[in-house]
Protein chains: 2
Amino acid sequence: MGLIFSRQCEYALQSVLYLALQPKGELVSAKELTKHLSIPYHFLAKILQTLSRKGLLVSSRGPTGGFMLSMPPRDITLFHIIEAIDGIDFTNKCVLGYRRCSANSPCATHDEWASVREAIYQMLISKNIETLAEAARECQSVQCVTQALA
Amino acid sequence: MGLIFSRQCEYALQSVLYLALQPKGELVSAKELTKHLSIPYHFLAKILQTLSRKGLLVSSRGPTGGFMLSMPPRDITLFHIIEAIDGIDFTNKCVLGYRRCSANSPCATHDEWASVREAIYQMLISKNIETLAEAARECQSVQCVTQALA
DNA sequence: CACAAATAAGACTGATTTATCCGAAATATA
DNA sequence: TATATTTCGGATAAATCAGTCTTATTTGTG
């Protein structure tokens with residue numbers, strides 16, 4: 001479908017944002033996440049495991065177990081999440097798909113796209129989860145709260 | 001894989017650019033395109049058919065048949081091609097994947113992304129194929145020519 | 001007309017992504 | 001310790017995307 005994130009990545013972004021909205025140090029179970037975010041349970045569980053393995057989340061087993069952010073929301077950027085889930089090939093891949101095109105061997109249109117790619121990259125590394133969480137918190141309307149959490 | 005175009009879309013972009021580099025009014029066969037662009041023949045044929053149905057290309061059957069642009073390269077933007085192949089859901093789809101998020105019912109982070117989405121959109125409708133073709137033509141190095149055409 | 005070369009169209013196969021299922025390991029609590 | 005609840009990990013199924021194959025239709029040329 002292209003151009004935006006994979007579904008896994010969307011789910012990961014939603015989950016991390018949800019965790020950032022919780023009181024610091026509080027564990028949230030996959031069950032609660034799947035309920036509030038309407039994400040298929042087993043699929044979500046796998047994504048949370050991936051985020052844990054990559055070091056973005058800390059997990060705890062057993063009853064009262066769950067997941068929480070491994071670091072302050074401010075230190076987690078959108079780029080971190082995308083990197084963990086989708087990978088970051090897009091940062092140096094030719095948008096036209098030319099196999100042999102790269103920064104030091106650019107295709108005819110490489111430079112035309114460079115600024116766009118750079119803009120996306122800058123946005124991804126500059127937006128941190130705390131900022132998004134604040135935006136969600138400050139928005140008091142029912143709509144925003146339910147959507148931020150669902 | 002996310003974030004950039006589908007492979008079909010990449011192939012379509014490459015094909016249209018190749019056609020734009022041909023003398024005006026000249027038909028190019030799928031065979032020639034598949035040879036120069038290294039795209040699987042039957043897959044490419046389908047993509048060219050789609051582009052024809054969508055009105056971007058004109059096709060002609062029989063020997064001496066082939067494809068050519070249906071309008072001046074200047075009138076074809078990247079957006080046209082993406083629209084024809086991948087669709088344009090991304091222009092109003094929530095980047096976080098929230099089902100209920102839209103412009104008039106934004107999620108907490110909608111506005112944070114609006115500028116990026118708009119930047120991408122503007123770039124896609126402002127870049128026309130003639131510009132890219134010129135860039136390819138002006139670049140005289142072997143590398144650029146072979147890459148623009150292969 | 002007969003033939004060859006090209007597009008048109010649909011069915012089919014394979015790969016990747018998305019989603020589901022099941023059993024094992026960990027752990028809080030009674 | 002027994003049990004319930006949770007994450008962990010691998011196997012499997014369904015859906016979508018990428019690529020292949022076959023046949024029909026069109027059309028220029030001998």
**Q** Measuring from the side chain of Thr64(A) (C-beta onward, heavy atoms only), which nucleotide among dC8(D), dA28(C), dT7(C) has the closest atom?
**A**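 The nucleotide sitting nearest to the side chain is dA28(C).
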**Q** Please step through side-chain contact (heavy atoms from CB on, under 4.5 Å) for the pair Leu44(B) and Ser15(B), ending with a clear verdict.
**A** CA-CA 9 Å; Leu44(B) 174 60; Ser15(B) 300; 3.4 Å; yes
**Q** Which listed nucleotide (dA28(C), dT20(D), dT7(C)) is nearest to the side chain of Tyr41(B)?
**A**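 That would be dT7(C).
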**Q** Think Lys46(A) has a side-chain N or O under 4.0 angstrom from the OP1 or OP2 of dA19(C)?
**A**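 No, no such contact exists.
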**Q** Looking only at heavy atoms, which two atoms of Glu26(B) and Met68(B) are closest? And how far apart?
**A**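 Looks like O-CB, 3.6 Å.
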**Q** Under the 3.5 angstrom rule, does the side chain of Gln22(A) hit a backbone N or O of Tyr18(A) as a donor-acceptor pair?
**A**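 Between the backbone of Tyr18(A) and the side chain of Gln22(A) there is a qualifying donor-acceptor contact (under 3.5 Å).
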**Q** OP1 or OP2 of dA18(D) versus the side-chain N and O atoms of Gln8(B): is any pair under 4.0 Å?
**A**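 Yes.
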**Q** Taking the side chain of Phe43(A) as heavy atoms from C-beta outward, which of dG10(C), dG10(D), dA19(C) is closest to it?
**A**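 Within the option list, the nearest is dA19(C).
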**Q** I want to check one thing: is the phosphate of dT5(D), taken as OP1 and OP2, less than 4.0 Å away from some side-chain N or O of Lys31(A)?
**A**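 So the side-chain polar atoms of Lys31(A) never come under 4.0 Å of the phosphate oxygens OP1 or OP2 of dT5(D).
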**Q** May I ask you to evaluate whether Arg53(A) reaches the phosphate of dG9(D), defined as a side-chain N or O under 4.0 Å from OP1 or OP2?
**A**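 Yes, Arg53(A) has a side-chain N/O under 4.0 Å of OP1/OP2 on dG9(D).
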**Q** Can you figure out which of dA9(C), dT7(D), dA18(D) approaches the side chain of Ala30(A) most closely?
**A**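 So the side chain of Ala30(A) is nearest to dT7(D).
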**Q** Between Tyr11(A) and dT18(C), is there a contact of a side-chain N or O with OP1 or OP2 at under 4.0 Å?
**A**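 No, outside the criterion.
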**Q** What's the closest nucleotide to the His42(A) side chain, out of dT6(D), dA19(C), dC21(C)?
**A**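 For the His42(A) side chain, the nearest candidate turns out to be dC21(C).
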**Q** Between dG28(D), dG19(D), dT7(C), which nucleotide gets closest to the side-chain atoms of Pro63(B)?
**A**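 From the listed options, dG28(D) comes nearest.
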**Q** For Ser60(A) and for Arg61(B), find the nucleotide of DNA chain D with the closest heavy atom, then tell me which residue's nucleotide is more 5'.
**A**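 Looking at DNA chain D, the more 5' nearest nucleotide goes with Ser60(A).
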